[in-house]
Participant: 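Here it is, the structure in full.
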Amino acid sequence: MDKKEDLLKEVISHAKEYGYVFPSSEIYDGLAATYDYGQLGAELKNNIKNYWWKAMVQMHEEIVGIDAAIFMHPKTWKASGHVDAFNDPLIDNKDSKKRYRADVLVEEHIEKYRDKIKKDVAKGLKKFGESFDETQFLATNPNVKRSQEKIDLLESRLKNILETDDLTALKAFIEELNIVCPISGTANWTDVRQFNLMFSTELGSVAGDAATIYLRPETAQGIFVNFLNVQKTGRMKIPFGIAQIGKAFRNEIVARQFIFRMREFEQMEMQYFVRPGEELKWYAYWKEKRTKWHKALGLGDAYYRHHDHVKLAHYANAAADIEFDFPMGFKELEGIHSRTDFDLRKHEELSGKKLQFFDPELNKSYIPYVIETSIGLDRMFLAVLSASLKKEVLEDGSERTVLSIPPALAPYKVAVMPLTKKDGLPDKARAIINELKFSFQCQYDEKDSIGKRYRRQDAIGTPFHVTVDHQTLEDNTVTIRDRDTMQQERVSISDLHKIIDEKVSLNNLLRHGG
RNA sequence: GCGGGCGUAGCUCAGGGGUAGAGCAUCACCUUGCCAAGGUGAGGGUCGUGAGUUCGAAUCUCAUCGCCCGCUCCA
């Protein structure tokens with residue numbers, strides 16, 4: 001465990017040291033759980049986006065991409081369920097220091113009465129044997145009736161309290177029911193506090209005129225509200241998908257673990273619209289497809305595992321996570337959800353617009369079912385970074401730090417360096433860069449010993465290192481060093497482009513993971 | 001929010017009432033020339049912030065702020 005924590009620390013400090021990720025607003029002592037992507041981080045992030053976008057949009061003629069606004073009509077969040085489902089009343093037990101959802105505590109309390117009824121039924125069954133009529137028993141047995149009345153009463157009171165958002169009453173209710181913490185066994189509770197998971201802000205510059213709107217907590221809704229626009233203008237036929245990359249905002253109660261859980265984060269989502277009844281087929285299809293996309297990167301299959309949800313969100317009828325072995329252990333990297341027709345149906349209800357597709361084969365209209373693939377870009381970034389960071393012990397016993405980022409994602413593709421900064425070698429190196437820069441992100445470095453420069457490039461993850469030496473001036477050959485094997489090869493300058501392109505091009509990735 | 005840890009140079013840290021230190025990094029020059037380790041020199045810190053004690057505080061006291069870790073939510 002300690003080892004794992006240290007690993008995350010190493011990733012964080014490496015990320016900072018080499019310009020991948022900086023703590024946000026650092027000169028003002030930082031802002032909790034907010035990070036800025038630096039000069040190399042921005043490149044890596046863009047490359048990841050690119051790989052995703054091309055694999056999803058470019059490789060699928062039935063998928064198109066959009067870029068919806070972060071601001072959306074407030075009704076959107078009413079429809080999606082975020083307004084109701086993501087306002088959690090929380091309460092802490094002062095003795096055990098554990099935090100609970102206050103409404104869940106009450107529900108669990110109510111559950112006890114349900115268990116009691118079950119026990120009574122079991123008793124009844126035992127007593128009456130084969131002649132036992134459960135329906136009649138439930139309706140007539142005085143114990144059961146008493147329990148049921150209690151359940152009904154408590155449930156309606158809870159509903160009432162939740163609907164009025166009366167936090168004081170909720171705490172009083174918990175105290176009245178003598179609910180205790182399962183850990184400490186005490187009823188020493190803090191006040192109930194509301195945690196709104198959505199960030200609100202004001203739209204409209206004149207005070208008083210302003211309407212409260214939210215920063216989107218997920219990008220998916222931008223796709224759903226545009227379902228009809230895209231379907232009609234793109235003449236899309238089911239099944240088809242809409243992809244989007246964009247920021248989303250969640251006021252997490254606790255945002256932590258570096259860029260794994262941030263309040264401002266970026267999602268890469270695709271909603272795939274299918275015929276009702278065919279959703280589980282497509283769900284399986286996308287689960288496999290997305291897994292392939294990940295594994296094509298070559299970080300190692302052992303880093304991935306599936307986690308199928310047993311407990312499903314309010315909108316889903318099947319859900320699985322692709323989990324990644326982060327420095328903190330296996331955690332969710334991507335979610336594949338079968339969202340049914342929940343979202344479109346709700347939007348249809350609240351907007352009054354018909355969000356359906358006329359299927360000529362079936363000769364009828366229906367609200368499509370949706371399969372969602374949703375990956376956290378920042379998490380993907382962390383996955384790539386943490387799996388790539390290695391400390392190697394070389395044959396001679398010395399150590400090297402290498403960032404073996406998949407070449408297609410690496411910020412710099414090639415470093416070109418003169419062996420010495422004399423005899424015109426720098427000019428020659430510059431000349432090579434001036435050709436390569438049209439295809440690749442290049443870096444020039446002439447400072448320090450050549451060995452030191454190699455190690456610097458290893459540390460930032462540049463896959464190829466080209467060195468110009470005196471022989472270069474005679475026959476136009478250079479040495480090219482492979483970051484991972486440290487092997488060098490002497491090649492002609494005119495072959496450089498081909499050699500590098502073969503390895504850093506997205507094409508190969510897309511062939512295997514697209 | 002609660003509990004724990006930590007704030008001294010870009011990084012890692014030492015120092016513990018008497019005017020700020022090391023290693024690495026950075027920059028310049030010299031040297032070397034294919035795997036981070038040569039030499040010389042330079043720049044860089046109101047010791048997180050504020051108050052108190054003291055002749056004197058980076059050091060002691062109090063407060064405050066920030067960051068990190070854990071706990072319930074999620075991509």
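Residue numbers begin at 1 in each chain, while the letters A, B, ... track the order of the sequences.
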Participant: Is Thr479(A) touching bases, backbone alone, or none of the nucleic acid, heavy atoms closer than 4.0 Å?
Facilitator: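 Counting heavy atoms under 4.0 Å across all strands, the contact made by Thr479(A) includes a base.
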Participant: Taking atom P in both G33(B) and G16(B), compute the distance separating them and give it to the nearest angstrom.
Facilitator: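 It works out to 46 Å between them.
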Participant: Quote, to the nearest angstrom, the C1' distance that separates G18(B) from U54(B).
Facilitator: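 That atom pair is separated by 12 Å.
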Participant: Around atom CZ of Phe173(A), are there more than 12 heavy atoms of other residues, nucleotides or ligands at under 6.0 Å?
Facilitator: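 Count over threshold, so yes.
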Participant: CZ of Phe227(A) to NE2 of His347(A): how many Å apart, nearest 0.5 Å?
Facilitator: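 Interatomic distance, Phe227(A) CZ to His347(A) NE2, rounded to 0.5 Å: 12.0 Å.
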Participant: Would you kindly give the CD-to-P distance between Gln257(A) and C73(B), to the nearest whole Å?
Facilitator: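 Roughly 14 Å, once rounded to whole Å.
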Participant: If we take the C1' atom in both U19(B) and G52(B), what is their distance in whole Å?
Facilitator: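 About 22 Å, rounded to a whole number of Å.
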Participant: Quick one: label Thr401(A) by what it contacts on the DNA or RNA (base, sugar-phosphate, nothing), any heavy atom closer than 4.0 Å.
Facilitator: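 Since a base atom lies under 4.0 Å of Thr401(A), the category is base.
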Participant: Looking only at the side chain of Tyr18(A) (C-beta and beyond, no hydrogens), which of the listed nucleotides G33(B), A36(B), C34(B) gets closest?
Facilitator: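 Per side-chain heavy atoms of Tyr18(A), the pick is A36(B).
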Participant: Respond yes when some side-chain nitrogen or oxygen of Tyr35(A) is under 4.0 Å from OP1 or OP2 of C68(B), and no when none is.
Facilitator: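 It does, given that an N or O in the side chain of Tyr35(A) lies less than 4.0 Å from OP1 or OP2 of C68(B).
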Participant: Rounded to whole Å, please give me the gap between CZ in Phe464(A) and P in C35(B).
Facilitator: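 Nearest whole value for this atom pair: 20 Å.
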Participant: Considering only side-chain heavy atoms of Arg453(A), which listed nucleotide, C35(B), G33(B), C11(B), is closest?
Facilitator: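 Minimum distance to the Arg453(A) side chain belongs to G33(B).
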Participant: Rounded to the nearest Å, what distance is computed from the CD1 atom of residue Ile375(A) to the P atom of nucleotide A75(B)?
Facilitator: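 My rounded result for the distance is 13 Å.
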Participant: Between U59(B) and U8(B), how far apart are the two C1' atoms, rounded to whole Å?
Facilitator: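 Those two atoms are separated by 11 Å.
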Participant: Using a heavy-atom cut-off of 4.0 Å across all strands, would you classify Lys447(A) as base, sugar-phosphate, or nothing?
Facilitator: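 Counting heavy atoms under 4.0 Å across all strands, the contact made by Lys447(A) is with sugar-phosphate only.
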Participant: Which whole number of Å gives the distance between the P atom of A36(B) and that of C30(B)?
Facilitator: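 Comparing P positions in A36(B) and C30(B) gives a spacing of 23 Å.
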Participant: I need the CG-P distance between Asp448(A) and G39(B), as an integer number of Å.
Facilitator: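 One finds 14 Å between P of G39(B) and CG of Asp448(A), rounded.
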Participant: C68(B) phosphate, OP1 or OP2: any side-chain N/O from Lys9(A) under 4.0 angstrom?
Facilitator: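 Negative; the distance criterion is not met.
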Participant: Expressed as a whole number of Å, how far does the C1' atom of U46(B) sit from that of G41(B)?
Facilitator: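 Nearest-Å result for U46(B) against G41(B) at atom C1': 27 Å.
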Participant: Roughly how far apart, to the nearest Å, are A28(B) and A9(B) at atom P?
Facilitator: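 Between the two P atoms, the distance is 24 Å.
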Participant: Please pick, from A75(B), C35(B), A37(B), the nucleotide with the shortest atom-to-atom distance to any side-chain atom of Met486(A).
Facilitator: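 Comparing A75(B), C35(B), A37(B) against the side chain of Met486(A), the answer is C35(B).
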Participant: Respond yes when some side-chain nitrogen or oxygen of Arg290(A) is under 4.0 Å from OP1 or OP2 of A75(B), and no when none is.
Facilitator: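 It does not, given that no N or O in the side chain of Arg290(A) lies less than 4.0 Å from OP1 or OP2 of A75(B).
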Participant: Taking atom C1' of A75(B) as reference, at what distance in whole Å does atom CG of Leu382(A) sit?
Facilitator: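 Computing the Leu382(A):CG to A75(B):C1' distance gives 13 Å.
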Participant: Taking the six-membered ring of Phe199(A) (Phe, Tyr or Trp), confirm whether the NZ or CZ of Arg263(A) is under 6.0 Å from its centre and within 45° of its axis.
Facilitator: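 Here Arg263(A) fails the 6.0 Å and 45° test against Phe199(A).
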Participant: Please assess Glu269(A) against Gln244(A) for the test side-chain hydrogen bond (donor to acceptor under 3.5 Å, both in side chains), listing each intermediate value before the final yes or no.
Facilitator: CA-CA 5 Å; Glu269(A) 292 197 322; Gln244(A) 177 171 220; 5.9 Å; no
Participant: P atom, U49(B) versus G10(B): distance in rounded Å?
Facilitator: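 Nearest-Å result for U49(B) against G10(B) at atom P: 14 Å.
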Participant: When the ring planes of Tyr303(A) and Phe324(A) are compared, do they come out parallel, tilted or perpendicular, using 30° and 60° as the limits?
Facilitator: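 It falls in the parallel class, under 30°.
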Participant: Does Ser449(A) put a side-chain nitrogen or oxygen below 4.0 Å from OP1 or OP2 of C34(B)?
Facilitator: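 For C34(B), OP1/OP2 do not have a side-chain N/O of Ser449(A) under 4.0 Å.
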Participant: Mind checking if Arg456(A) touches a base, just sugar-phosphate, or nothing, with heavy atoms under 4.0 Å?
Facilitator: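 It contacts sugar-phosphate atoms only.
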Participant: Please report, rounded to the nearest Å, how far the P atom of C68(B) is from the CE atom of Met328(A).
Facilitator: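 Interatomic distance, CE of Met328(A) to P of C68(B): 14 Å.
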Participant: Using a heavy-atom cut-off of 4.0 Å across all strands, would you classify Ile12(A) as base, sugar-phosphate, or nothing?
Facilitator: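 If one applies the 4.0 Å heavy-atom cut-off, Ile12(A) turns out to touch nothing in the nucleic acid.
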Participant: Would you mind reading off the distance between Arg379(A) atom CZ and C73(B) atom P, rounded to a whole angstrom?
Facilitator: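 For the pair Arg379(A) CZ and C73(B) P, the rounded distance is 13 Å.
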Participant: Is there a side-chain polar atom (N or O) of Lys452(A) under 4.0 Å from OP1 or OP2 of A25(B)?
Facilitator: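 For A25(B), OP1 or OP2 has a side-chain N or O of Lys452(A) closer than 4.0 Å.
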Participant: Look at all strands and tell whether Glu332(A) reaches a base, only sugar-phosphate, or nothing, counting heavy atoms closer than 4.0 Å.
Facilitator: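 Sugar-phosphate, backbone atoms only, no base.
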Participant: Under 5.5 Å centre to centre and under 30° between planes: does that hold for Phe265(A) and the six-membered base ring of A75(B)?
Facilitator: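 Check passed, Phe265(A) stacks on base of A75(B).
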Participant: Base, sugar-phosphate, or nothing: which does Glu266(A) touch, judged by heavy atoms less than 4.0 Å apart?
Facilitator: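 No contact.
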Participant: What is the nucleic acid contact for Asp458(A), judged by heavy atoms within less than 4.0 Å: base, sugar-phosphate only, or nothing?
Facilitator: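 Since no nucleic acid heavy atom lies under 4.0 Å of Asp458(A), the category is nothing.
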Participant: Can you say whether a donor on the side chain of Glu17(A) sits under 3.5 Å from an acceptor on the base of C11(B), or the other way round?
Facilitator: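 Such a pair does not exist between side chain and base.
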Participant: Hey, what's the ring geometry for His309(A) with His307(A), parallel, tilted or perpendicular (30° and 60° as the breaks)?
Facilitator: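 Ring orientation, 0 to 90° scale: tilted.
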Participant: Measure the distance from CD1 on Ile450(A) to C1' on C35(B) and round it to the nearest whole Å.
Facilitator: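 After rounding, the gap between these two atoms is 9 Å.
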Participant: Hey, is the main chain of Ala55(A) close enough, under 3.5 Å, to the side chain of His60(A) for a donor-acceptor pair?
Facilitator: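 The answer is yes, because a donor-acceptor pair under 3.5 Å joins these two groups.
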